[in-house]
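A short worksheet on the structure shown next.
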Amino acid sequence: MLKLFNTLTRSKEEFIPINGMNVLMYSCGPTVYNYQHIGNLRTFFFEDILFRVLKYNGYKVRYVMNITDVGHLVSDQDEGEDKMEKSAKQLGKSVREIADHYTEIFKRDIGLMNIYPPDVYSKATDYIQEQIDLVKCLETKGYTYFTSDGVYFDTSKFPDYGKMAKLDISGLKEGSRIEFSEEKKNITDFALWKLSPENEQRQMEWDSPWGKGFPGWHLECSAMSKALLGNHFDIHCGGIDHIPIHHTNEIAQSEACSGEKFVNYWLHGEFLDMGNEKMSKSSGKFVTLQTLMDKGYTPMHYRYFLLMAHYKKKLKFSYEALDAAKSGYNNLSGKILNLRKDISSDEAISSSEKKNDFKSRFLEKINDDLNMPEAMSVLWEMLKDGDLSSNEKINLAYDFDMIFGLGLESVQPEKIETDIPEEIRILTEKRNEAKKKRDFKSADEIRDEIKQKGYEILDTKDGIQIKKSD
RNA sequence: GGCGUGGUACCCAAGUGGCUUAAGGGGAAAGUCUGCAAAACUUUUAUUCGACAGUUCGAAUCUGUCCCACGCCUCCA
């Protein structure tokens, strides 16, 4: 039985799809006006785990993720500039170029992280008509009103507004920002269609029954999920910050138009806690996957790091913690490599009962609201077990890796340095001579010398290994 | 000001009434192996869960008060 924490009810619930073994899932993807930072990546990683766990349980998943390439303003509250237009202006490029560029990097990053791509990436700009239709639908049903800058959704007409977020609307701070809300009837009302400013030519604008303009940010997810998954589907996920505004507004729009329940299970991933290194994109200072790679970490190190915490808890990022993950991942790879060597000489001790025991414990953990830390602990316990054969261990590890996604099957032995400088070669020879003569003192001295030159000499069973030091 | 989350070993982090006098990873220490290192393997590393009261046969887990940190409401995944 798969249990998931549903933000709607704030409790773990048994997951029961609407339609048998077919699951419809939507997740809020990136706004492609800039790089995705490692915090964003945490959310996509969490969605990947969810996707993998669903598949592991035998569900057929249709998975849609949107790419926001228009309409996401600098503020969630329909104020300020369009993020895309702003970024384009700064870089002197077209909005399309910006969107394509960052979309590409996003796809590259999640590929490196072993995050499965969705079945469909839906771009907001490819669904303008659907968005206009949705506004029309809301207009017909009397949920909209006009202001001088666009069409707004009247949240007071939707009785359950803010239910999921447990919003206390009367307690929302008034007057923190007023300029644009002057004409709003309620503080929570939001834009469905924004009219282009009269004195400004936008790169992205479309004709609509209400005038030339562009869709409000929240609209795209409602319109696209409706188009690709239907009015009512199983899972919608995203970052925890989306609960109070974005997802709240999506629910209001979608349910107001369709008259049906929108989504059964809402799942939200917690933030990565950067401590002092606060990562607001607006400040331009944030850590990307590339930043980590430049510092000598691999995407799998970061993935392993994320696996150590539960998705619903804040995870404290630090390079110290990332180092721990790096070592952990490297040790794990080493174990896998050793097991592979053992397989041939393995006497197939039959302990299938124990094997099944680990497997069912693992399943229990991943199905308990995607408890990766516990699942990882099962993995390690299994690898250290004294009764299982190497064969069984490696099979289980590969099986578990369908969830972890650490690429264990393709782990390769560390490359042995091939182009060793002549100087090091000669010194290595000299050391061998000394060793043969059992002159260990000078042998050790030479090893130290080599070490100072950045290489390490290791005596192994199979001979000498020369390694470049880190 | 409003709303919310969290404080578990040196670090990251599970566990949320008895199976646990607290998983797992990293780090550290000791041992086996080795001429010595490295690797590998084995073992050790919180009688204690922010503080103080209380509920209970029983609490890290529930309640209250306090302290601290953080998030959102104002760009955020």
Side-chain angles (χ1 to χ4, degrees), chain A residues 10 27-31 33-34 36-47 72-77 79-81 83 86 165-177 187-188 237-246 268-275 278-284 286 304-332 334-335 338 365 368 371-381 383-384 386 414 435 438-441 443-444 447-448 451 456-461 464-465 467:
Chain A
R10 305 287 157 118
S27 78
C28 283
T31 300
Y33 69 106
N34 205 331
Q36 298 300 299
H37 55 57
I38 57 175
N40 297 315
L41 253 20
R42 184 183 185 199
T43 299
F44 299 121
F45 160 81
F46 139 67
E47 287 153 0
H72 194 168
L73 302 185
V74 167
S75 146
D76 274 357
Q77 299 279 20
E79 256 189 73
E81 294 176 87
K83 289 181 174 181
K86 186 180 174 193
K166 296 193 190 298
L167 286 186
D168 171 12
I169 292 161
S170 57
L172 288 179
K173 184 141 186 186
E174 303 149 31
S176 71
R177 226 174 340 85
I187 188 168
T188 47
C237 40
I240 194 169
D241 55 313
H242 282 155
I243 297 172
I245 298 175
H246 184 53
H268 294 95
E270 248 295 356
F271 273 18
L272 182 69
D273 179 358
M274 293 301 287
K278 231 203 149 196
M279 289 205 298
S280 52
K281 281 197 182 169
S282 47
S283 77
F286 52 89
Y304 189 98
F305 171 76
L306 294 177
L307 248 4
M308 298 202 299
H310 190 264
Y311 79 89
K312 264 177 58 53
K313 290 257 182 101
K314 286 187 198 80
L315 170 58
K316 283 184 242 176
F317 178 84
S318 69
Y319 284 103
E320 191 186 0
L322 188 57
D323 281 335
K326 181 179 181 175
S327 301
Y329 174 79
N330 290 154
N331 289 156
L332 179 60
K335 273 228 149 58
N338 284 341
K365 297 307 184 190
D368 180 16
N371 197 329
M372 290 306 115
E374 293 263 9
M376 285 290 277
S377 132
V378 173
L379 171 70
W380 277 104
E381 240 186 273
L383 289 171
K384 288 183 170 174
E414 213 179 325
K435 263 186 74 182
R438 301 191 65 80
D439 177 6
F440 296 118
K441 194 171 168 241
D444 287 348
R447 180 163 57 195
D448 282 346
K451 196 171 181 180
E456 237 171 307
I457 300 289
L458 311 175
D459 299 330
T460 70
K461 279 188 292 207
I464 288 143
Q465 258 193 34
K467 225 178 83 178

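Just so it is clear, the structure is predicted and the values come from calculations on it, not from any experiment. Order of the sequence lines sets the chain letters (A, B, ...), proteins ahead of strands, with each chain counted from 1.
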[N] versus [M] - spacing of their [atom1] atoms, nearest Å:
{"N": "B:C19", "M": "B:A29", "atom1": "P", "value": "34 Å"}
{"N": "B:A23", "M": "B:U65", "atom1": "P", "value": "32 Å"}
{"N": "B:C12", "M": "B:G50", "atom1": "P", "value": "14 Å"}
{"N": "B:A22", "M": "B:A39", "atom1": "C1'", "value": "32 Å"}
{"N": "B:U61", "M": "B:U8", "atom1": "P", "value": "14 Å"}
{"N": "B:U44", "M": "B:A9", "atom1": "C1'", "value": "14 Å"}
{"N": "B:U47", "M": "B:C36", "atom1": "C1'", "value": "41 Å"}
{"N": "B:C68", "M": "B:A51", "atom1": "C1'", "value": "10 Å"}

What does [X] touch in the nucleic acid at a heavy-atom separation under 4.0 angstrom: a base, only the sugar-phosphate, or nothing?
{"X": "A:Lys335", "answer": "sugar-phosphate"}
{"X": "A:Tyr304", "answer": "sugar-phosphate"}
{"X": "A:Lys365", "answer": "nothing"}
{"X": "A:Leu322", "answer": "nothing"}
{"X": "A:Asn331", "answer": "sugar-phosphate"}

Round to a whole Å and report the spacing from [atom1] of [X] to [atom2] of [N].
{"X": "A:Ile187", "N": "B:U74", "atom1": "CD1", "atom2": "C1'", "value": "11 Å"}
{"X": "A:Asp448", "N": "B:A38", "atom1": "CG", "atom2": "P", "value": "13 Å"}
{"X": "A:Lys326", "N": "B:G27", "atom1": "NZ", "atom2": "C1'", "value": "15 Å"}
{"X": "A:Glu270", "N": "B:G6", "atom1": "CD", "atom2": "P", "value": "9 Å"}
{"X": "A:Asn40", "N": "B:A77", "atom1": "CG", "atom2": "P", "value": "5 Å"}
{"X": "A:Met376", "N": "B:C12", "atom1": "CE", "atom2": "C1'", "value": "12 Å"}
{"X": "A:Tyr329", "N": "B:G26", "atom1": "OH", "atom2": "P", "value": "14 Å"}
{"X": "A:Leu307", "N": "B:G24", "atom1": "CG", "atom2": "C1'", "value": "12 Å"}

Every protein N/O lying under 3.5 Å from an N/O of nucleotides 14-18 of chain B:
| unit_1 | atom_1 | unit_2 | atom_2 | d |
| --- | --- | --- | --- | --- |
| B:A14 | OP1 | A:His310 | N | 2.9 |
| B:A14 | O2' | A:Glu374 | OE2 | 2.5 |
| B:G15 | OP1 | A:Asn371 | ND2 | 3.1 |
| B:U16 | O4 | A:Lys313 | NZ | 3.2 |

query: Who passes ring pair (Phe, Tyr, Trp, His ring centres under 6.0 Å) against A:Phe44, sequence neighbours left out?
result: A:Phe106
Per-pair stack call A:Phe271 and B:A77, 5.5 Å, 30°: yes
message: Less than 4.5 Å apart, side chain to side chain, heavy atoms only: is that true for A:Leu272 and A:Leu41?
response: no
- prompt: With a 4.5 Å heavy-atom cut-off, do A:Glu270 and A:Lys314 have their side chains touching?
  reply: yes
Quick check: closest heavy atoms across [X] and [Y], and the distance to 0.1 Å?
{"X": "A:Ile240", "Y": "A:His268", "value": "CA-CB, 3.9 Å"}
{"X": "A:Met308", "Y": "A:Ala321", "value": "CE-O, 4.4 Å"}
{"X": "A:Leu307", "Y": "A:Met372", "value": "O-CB, 3.5 Å"}
{"X": "A:Pro244", "Y": "A:Ala165", "value": "CA-CB, 3.8 Å"}
{"X": "A:Lys316", "Y": "A:Phe305", "value": "O-CZ, 3.6 Å"}
{"X": "A:Leu315", "Y": "A:Ala309", "value": "CD1-CB, 3.6 Å"}

query: Under the 3.5 angstrom rule, does the side chain of A:Arg42 hit a backbone N or O of A:Leu306 as a donor-acceptor pair?
result: no
message: Salt bridge or not between A:Arg447 and A:Asp444? Use side-chain N to carboxylate O under 4.0 Å.
response: yes
- request: On RNA chain B, check which nucleotide each of A:Ser318 and A:Asp323 is closest to and give me the residue with the more 5' one.
  value: A:Ser318
- prompt: Given that A:Gly238 and A:Glu320 both sit by RNA chain B, which one's nearest nucleotide is further toward the 5' end?
  reply: A:Glu320
Under 3.5 Å, which N/O atoms of the protein pair with N/O atoms of nucleotides 28-35 of chain B?
| unit_1 | atom_1 | unit_2 | atom_2 | d |
| --- | --- | --- | --- | --- |
| B:G35 | O6 | A:Arg431 | NH2 | 3.4 |
| B:G35 | N1 | A:Asp444 | OD1 | 3.2 |
| B:G35 | N2 | A:Asp444 | OD1 | 3.3 |
| B:G35 | N2 | A:Asp444 | OD2 | 2.5 |

query: Looking at residues at least two apart in the chain, or sitting in another chain, which of them share a salt bridge (Lys or Arg N to Asp or Glu O under 4.0 Å) with A:Lys435?
result: A:Asp459
task: Please map the stems of RNA chain B, keeping only stretches of three or more Watson-Crick or G-U wobble pairs with both distances under 3.5 angstrom.
output: B:1-7 with B:67-73, B:10-12 with B:24-26, B:27-32 with B:40-45, B:50-54 with B:62-66
message: Test of understanding: with side-chain hydrogen bond (donor to acceptor under 3.5 Å, both in side chains), list the residues that count as partners of A:Asn331, not counting sequence neighbours.
response: none
